[in-house]
Amino acid sequence: MFEQFRPAVVMFVLLSVLTGLIYPFTIAGVTQLAFPAQANGSLITRDGQVIGSSLIGQNFTDAKYFWPRPSATSDAPYNANASSGSNLGPTSKALMDRLTTDAARYRQGDKAVPTELVTASASGL
């Protein structure tokens, strides 16, 4: 039994270092060299300050803009640092109230509102 213990521990440590350190740092380095803007979040800056990302939804309410799916992030809408789901289930009154309010805001005339327009994504963004 002990003759199998040493090779198992060595393989565990070797594979942990390989898949937990070497591979992620190699991929991060390659993406930084090949796609620096995308690897850093496709940030949009104005006057030297980051104002958003071209990949993350923005909180628009004016009708002239494309309105994204609602955000489920906790502290501020579309905050990538607070990415998570809302944990509201299909029987949640708070969820049903928000869906009803959002659907009424989007509805124009007799047109149906697509489900994706009033439900947040699993990441909350």
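Excluded from the calculations below are hydrogen atoms, water molecules and symmetry mates; all remaining heavy atoms, backbone and side chain alike, are included. These numbers were taken from a predicted model, which means no experiment stands behind them.
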If you look at every heavy atom in Ala39 and Gln32, which pair is closest and at what distance?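 For Ala39 and Gln32, the tightest heavy-atom pair comes out as CB-NE2, 3.7 Å.
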
Compare every heavy atom of Pro24 with every heavy atom of Leu18, then report the nearest pair and how far apart it is.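 Where Leu18 meets Pro24 most closely, the heavy atoms are O-CD, 4.3 Å.
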
Enumerate donor-acceptor pairs with a distance under 3.5 Å from any side-chain N or O in residues 5-15 to protein atoms, sequence neighbours excluded.
none

Fellow cluster residues of Phe35, listed by chain then number, with links counted only when side-chain atoms sit under 4.5 Å apart: none

Would you compute the distance between atom CG of Leu43 and atom CD of Gln38 and round it to the nearest 0.5 angstrom?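 Interatomic distance, Leu43 CG to Gln38 CD, rounded to 0.5 Å: 11.0 Å.
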
Listed partners of Asp47 passing salt bridge (Lys or Arg N to Asp or Glu O under 4.0 Å), at least two apart: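 Asp47 satisfies salt bridge (Lys or Arg N to Asp or Glu O under 4.0 Å) with no other residue.
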
Met96 and Leu99, any side-chain heavy atoms less than 4.5 Å apart: yes

